[in-house]
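Read the structure below first, then the notes.
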Amino acid sequence: MKVDVLLGLQWGDEGKGKVVDVLTPRYDIVARFQGGPNAGHTLEFGGHKYVLRSIPSGIFQSGQTNIIGNGVVLDPVLFAEEAKALEASGVNLPSVLKISKKAHLILPTGRLLDAAGEAAKGKGKIGTTGKGIGPTYTDKVSRNGLRVGDTLLPDFKERYEAARRRHIGMIVALGAEVDSMALARAEEAWFEAIDYLHGYELIDSEHFINHALAENKSILCEGAQGTMLDVDFGSYPFVTSSNTICAGACTGLGIAPSRIGEVFGIFKAYCTRVGSGPFPTELFDETGKTIRDLGHEYGAVTGRERRCGWIDLVALRYAIMINGVTQLIMMKSDVLDSFDTIKACTAYDIDGFVTRDFPYSIDGDIKPVYTELPGWKTDMTKIKSESEFPQAFRDYIAFLEDRLATPITIVSIGPDREQTIVREK
Ligand code: GDP
Ligand code: IMO
Ligand code: MG
């Protein structure tokens, strides 16, 4: 009867995919609860690299059931692409993956609407992944969405036509045009992909999950994006359209809050962000470039350059509070292995007012107040246990644990599954 949640504490791309894969053997079920193909979760093992967008990161271990939950938005075409590639690499996906009938569908017009919305915002554009995420969640909340289960209904085509007409009206109202030939091609591929989707078990996932809990099965919920992209608590309006926080696991899977056990909060030893929006500790200098180069900070989905900066403990403390994080997981510390000194933002100076509390808005002139710590100047990528940690690295961990008032229980020192140190308690 155990549900643990693993989620990002920054602006996404913290390394969630890698750690979900590492933790999966501890669980019976792995479930995605929100987001869609805006996510790009990277896993590396045995010399291979995989990027998952809609499919949970538990599919490579053996025996676990993976679930795409009701809180996810699914693009059938991208799902089929992702699934077929995995099947080609030897994963028997239909045997390990189940999909919630209540997950909402991203329509072919969803991407067009996403692009039209961005263009209409001009300079204020969010820099979305362009996958139709915002329009699909908007349809869900405005009670106009189509769900995976609807594809089984006899009048699905008519429902689709109505949704399509509505979308086209909105696209035109936003000042964009619809290429009807291209749309017709996209629709053909979309309906083909729906047929492919029917090769998977479409389930009432809330019943499946609660039944599993009653049988004492354990569940790991995999978050997408990160807390600073949460639609309620992130850097609004430069956020995604779902609740990326721990509460999202309850609504996105039908799990009661009282069932939640451990909350794993995952963060990089520095910080990155893709797309527009405020980022108080962003570095525009050589150091930022060095972090980007050493950390290969380019988007897993869009290939966009990720903006890089120092770790922000003000934002992290806020994220820990909102999520009720019980354990921290620090990623990519190896990227800082060669640094003489490392900075951590411990407070914000807002027009001379210094605060450690995350403010209403981080838009505007925020000067990060930094503490500088000595670097460990050691290649950490090959070490096998905590006993090999250099003293300066131990001091860095102790500093973070003290400022964040939460234990760091896992440290990741490279992209491979094996490059993971689980700390002794
Ligand atoms: P996610 O969206 O949170 O799953 O993260 P992404 O996969 O988008 O981005 C994380 C990137 O960092 C991927 O390219 C991973 O292979 C890589 N990565 C994960 N952990 C580490 C680590 O500890 N060190 C290094 N150098 N790379 C890592
Ligand atoms: P993972 O799960 C990083 C960002 C986009 C944009 C904003 C809104 O791999 O950590 P959207 O397409 O969701 O409407 O875009 O959110 N974004 C992400 N940034 N990692 C992600 O996912 C992201 N998913 C969305 O860049 O700024
Ligand atoms: Mg990612």
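First listed ligand is number 1; within each ligand, the first listed atom is number 1.
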Ligand 2-proximal atoms of Lys16, by part, heavy-atom distance under 4.0 Å: side chain
N-O pairing of Asp21 and Arg417 below 4.0 Å: yes
Atom 26 (O) of ligand 2 [closest protein heavy-atom partner, distance rounded to 0.1 Å]: Arg304 NH2, 2.9 Å
Gly8 heavy atom under 4.0 Å from ligand 2: no
Worked check of side-chain contact (heavy atoms from CB on, under 4.5 Å) between Lys131 and Leu78: CA-CA 9 Å; Lys131 304 287 184 229; Leu78 294 180; 3.9 Å; yes
NZ/NE/NH1/NH2 to OD/OE distance under 4.0 Å, Lys18 and Asp416: no
Any Asp114 heavy atom less than 4.0 Å to ligand 2: no
Worked verdict on Leu213 versus Ile219 for side-chain contact (heavy atoms from CB on, under 4.5 Å): CA-CA 8 Å; Leu213 286 173; Ile219 303 179; 3.9 Å; yes
Nearest neighbour in protein (non-hydrogen) for atom 20 (N) of ligand 2: Asp13 OD1, 3.1 Å
Under-4.0 Å salt bridge between Glu161 and Arg166: no
Environment of the Mg ion (ligand 3) in terms of protein N/O/S atoms, cut-off under 2.8 Å: Asp13 OD1, Gly40 O
Whether Gly40 lies under 4.0 Å from ligand 2, heavy atom: yes
Check ion pair Arg423-Glu386 (N to O, under 4.0 angstrom): yes
Distance filter under 4.0 Å to Ala224 heavy atoms, resulting ligand 2 atoms: 2 (O)
Among Thr244, Val239, Val274, closest by any non-hydrogen atom to atom 8 (C) of ligand 2: Val239
Note: Lys384-Glu418 ion pair, threshold 4.0 Å (strictly below): no
Lys49 and Leu43: CA distance, side-chain angles, deciding distance, side-chain contact (heavy atoms from CB on, under 4.5 Å) verdict: CA-CA 6 Å; Lys49 180 171 165 171; Leu43 288 77; over 6 Å; no
Atoms of ligand 2, numbered as shown, that sit under 4.0 Å from any heavy atom of Gly275: 27 (O)
Charged N-O contact under 4.0 Å between Glu82 and Arg53: no
Matching residue for Trp190 among Ile106, Leu105, Thr109 - test: side chain to side chain contact (heavy atoms under 4.5 Å, CB included): Leu105
Subset of ligand 2 atoms that lie under 4.0 Å from at least one heavy atom of Trp11: 3 (C), 19 (N)
Salt-bridge criterion met for Lys289 and Asp293 (N-O under 4.0 Å): yes
Residue from Gln10, Glu297, Lys343 passing side chain to side chain donor-acceptor pair (under 3.5 Å) with Tyr270: Glu297
Residue and atom name of the nearest protein heavy atom (relative to atom 22 (O) of ligand 2), distance in Å to one decimal: Gln225 NE2, 3.4 Å
Minimum-distance protein heavy atom relative to atom 13 (O) of ligand 2: Thr240 OG1, 2.6 Å
Close aromatic pair by centroid cut-off 6.0 Å: Phe339 and Trp376: no
Protein residues that have a heavy atom under 4.0 Å from any atom of ligand 1, sorted by chain and number: Asp13, Glu14, Gly15, Lys16, Gly17, Lys18, Gly40, His41, Thr42, Glu44, Arg306, Met331, Lys332, Asp334, Val335, Ser412, Ile413, Gly414, Pro415
Proximal atoms of ligand 2 relative to Ala39 (non-hydrogen, under 4.0 Å): 1 (P), 2 (O), 9 (O), 22 (O)
Proximity to ligand 2 by part of Arg273, non-hydrogen separation under 4.0 Å: neither
Ion pair check, Asp334 and Lys332, cut-off under 4.0 Å: no
Minimum non-hydrogen distance to atom 18 (C) of ligand 2, winning option of Leu7, Leu229, Asn38: Leu229
Worked verdict on Phe79 versus Tyr200 for ring pair (Phe, Tyr, Trp, His ring centres under 6.0 Å): CA-CA 11 Å; Phe79 168 76; Tyr200 287 80; 5.2 Å; yes
Which segment of Thr128 sits under 4.0 Å of ligand 2 when only heavy atoms are counted: both
Non-hydrogen atoms of Ser57 and Thr24 that approach each other most closely: O-OG1, 4.3 Å
Numbered atoms and elements of ligand 2 in range of Gly127, under 4.0 angstrom, heavy atoms: 5 (C), 6 (C), 26 (O), 27 (O)
Whether Phe389 and Phe393 hold their rings parallel, tilted or perpendicular, with breakpoints at 30° and 60°: perpendicular
Ring geometry between Tyr348 and Phe358 (parallel below 30°, tilted from 30 to 60°, perpendicular above 60°): tilted
Nearest non-hydrogen protein atom, atom 12 (O) of ligand 2: Thr129 OG1, 2.6 Å
